[in-house]
S.K.: 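First the structure, which I've put down as structure tokens, then a few questions once you've had a look.
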Amino acid sequence: VQLQASGGGLVQAGGSLRLSCAGSGAPFSNHHMGWFRQAPGKEREFVAAISSGGITYYVDSLKGRFTISRDNAKNTVYLQMNSLKPGDTAVYYCAARNRWNINNFGGEHNSPATYYYWGQGTLVTVSS
């Protein structure tokens, strides 16, 4: 599956952005999806994930501010980001894993190694 992330940009602290990740090339509904981010000089970190069945997972520090959702009819997964802070500045990546070759997505959703397919990333910059 090919993934194309979009929706990044420059926003002031306290603002909101919605990232989109469009998939193509394979049945989107068969894939678990994740969002990760990487700030300059830091490791890539898990943000949120949604299973093929719609179960959502979040890193504890972002619960309540970020929401992941998916629209299989549009082959798109979203990340709604509210109350943004300068610390949210990063390149955001979407990722996918076919549900047929993983048995324990619930236990492995937060590892980059779980995902086989990655989008190109979209830059989010939050100014203070």
Side-chain angles (χ1 to χ4, degrees):
V1 62
Q2 290 80 47
L3 303 174
Q4 179 74 38
S6 62
L10 175 63
V11 63
Q12 288 190 330
S16 298
L17 281 176
R18 188 176 79 158
L19 305 183
S20 299
C21 176
S24 62
F28 188 76
S29 60
N30 286 339
H31 289 78
H32 304 307
M33 303 297 298
W35 284 99
F36 290 75
R37 68 185 183 184
Q38 188 165 17
K42 294 189 176 181
E43 303 247 331
R44 190 167 298 190
E45 64 175 1
F46 170 73
V47 173
I50 185 166
S51 73
S52 60
I55 299 172
T56 57
Y57 307 88
Y58 298 93
V59 65
D60 287 345
S61 59
L62 296 177
K63 282 181 181 177
R65 292 199 299 124
F66 288 18
T67 303
I68 190 171
S69 61
R70 65 190 299 159
D71 185 339
N72 289 334
K74 295 183 178 180
N75 290 345
T76 301
V77 63
Y78 303 98
L79 185 69
Q80 178 68 43
M81 306 185 295
N82 299 328
S83 302
L84 283 161
K85 305 174 181 180
D88 296 318
T89 295
V91 177
Y92 284 72
Y93 298 90
C94 60
R97 172 73 179 262
N98 190 301
R99 70 186 181 100
W100 298 113
N101 56 26
I102 182 170
N103 294 321
N104 186 28
F105 182 72
E108 301 177 38
H109 59 271
N110 58 347
S111 170
T114 294
Y115 300 85
Y116 288 173
Y117 308 101
W118 290 84
Q120 85 289 358
T122 185
L123 177 63
V124 172
T125 304
V126 184
S127 63
S128 57

S.K.: Counting the benzene-type ring for Trp, do Y57 and F46 have ring centres under 6.0 Å apart?
M.R.: no

S.K.: Heavy atoms only: give me the nearest G121-V91 pair and the separation to one decimal.
M.R.: CA-CG1, 3.8 Å

S.K.: To check you understand the geometry: which heavy-atom pair defines the closest contact between M33 and Y115, and what is its length?
M.R.: C-CE2, 3.9 Å

S.K.: Filter on salt bridge (Lys or Arg N to Asp or Glu O under 4.0 Å), then keep only pairs touching residues 7-30, sequence neighbours left out; what's left?
M.R.: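 Every pair satisfying salt bridge (Lys or Arg N to Asp or Glu O under 4.0 Å) with a residue in residues 7-30: there are none.
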
S.K.: Can you tell me how far the CD1 atom of I68 sits from the CD atom of Q80, to the nearest 0.5 Å?
M.R.: 12.0 Å

S.K.: Which atom pair, heavy atoms only, marks the closest approach of S127 to L10?
M.R.: CB-CD1, 4.3 Å

S.K.: Would you confirm whether T125, through its side chain, and T89, through its main-chain N or O, come within 3.5 Å as a donor-acceptor pair?
M.R.: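 Not a single qualifying donor-acceptor pair exists.
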
S.K.: Report the distance from atom CD1 of I102 to atom OG1 of T114, rounding to the nearest 0.5 Å.
M.R.: 5.0 Å

S.K.: First locate atom OG1 of T67, then atom CG of L79, and finally report the distance between them rounded to the nearest 0.5 Å.
M.R.: 8.0 Å

S.K.: What residue pairs, at least two apart or across chains, pass side-chain hydrogen bond (donor to acceptor under 3.5 Å, both in side chains) with a residue in residues 101-110?
M.R.: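 Those involving residues 101-110 are R97-N101.
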
S.K.: Working to the nearest 0.5 Å, report the span between OG1 of T76 and CD of Q4.
M.R.: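 One finds 11.0 Å between OG1 of T76 and CD of Q4.
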
S.K.: Nearest 0.5 angstrom please: W100 CH2 to N30 CG, how far?
M.R.: 6.0 Å

S.K.: Just wondering, do V59 and E45 contact through their side chains at under 4.5 Å, heavy atoms?
M.R.: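 The answer is no, as the side chains (C-beta and beyond) never meet within the 4.5 Å cut-off.
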
S.K.: Listed by chain and number, what are the side-chain hydrogen bond (donor to acceptor under 3.5 Å, both in side chains) partners of K74, not counting sequence neighbours?
M.R.: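 Partners of K74 by the side-chain hydrogen bond (donor to acceptor under 3.5 Å, both in side chains) criterion come out as none, since no residue qualifies.
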
S.K.: Taking ring-ring contact (aromatic ring centres under 6.0 Å, His included) as the cut-off, I'd like each qualifying pair that reaches into residues 61-96, sequence neighbours left out, listed once.
M.R.: none

S.K.: Mind checking side-chain contact (heavy atoms from CB on, under 4.5 Å) for R65 and listing every partner two or more places apart, or none if nothing turns up?
M.R.: L62, S83, K85, D88

S.K.: Could you name each residue pair satisfying disulfide (SG to SG under 2.5 Å) that touches residues 19-109, not counting sequence neighbours?
M.R.: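 As it turns out, the disulfide (SG to SG under 2.5 Å) pairs with a partner in residues 19-109, which skip direct neighbours, are C21-C94.
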
S.K.: Do you know which two heavy atoms are closest between V1 and S24, and how far apart they sit?
M.R.: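 Looking at all heavy atoms of both residues, the closest pair is CG2-O, 3.1 Å.
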
S.K.: Can you check whether F28's main-chain N or O pairs, donor with acceptor, with R70's side chain at less than 3.5 Å?
M.R.: yes

S.K.: Please tell me if the side chains of R99 and S51 come closer than 4.5 Å, counting only heavy atoms from C-beta onward.
M.R.: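 They are not in side-chain contact.
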
S.K.: Would you name the heavy atoms of P112 and W118 that are closest together and state the gap between them?
M.R.: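 Looking at all heavy atoms of both residues, the closest pair is O-CZ2, 3.5 Å.
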
S.K.: Which atom pair, heavy atoms only, marks the closest approach of L84 to L17?
M.R.: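 L84 and L17 have their closest heavy atoms at CD1-N, 3.9 Å.
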
S.K.: Within this structure, what is the CD1-NE2 distance for the pair I55 and H32, rounded to the nearest 0.5 Å?
M.R.: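 If I round to the nearest 0.5 Å, the distance is 9.0 Å.
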
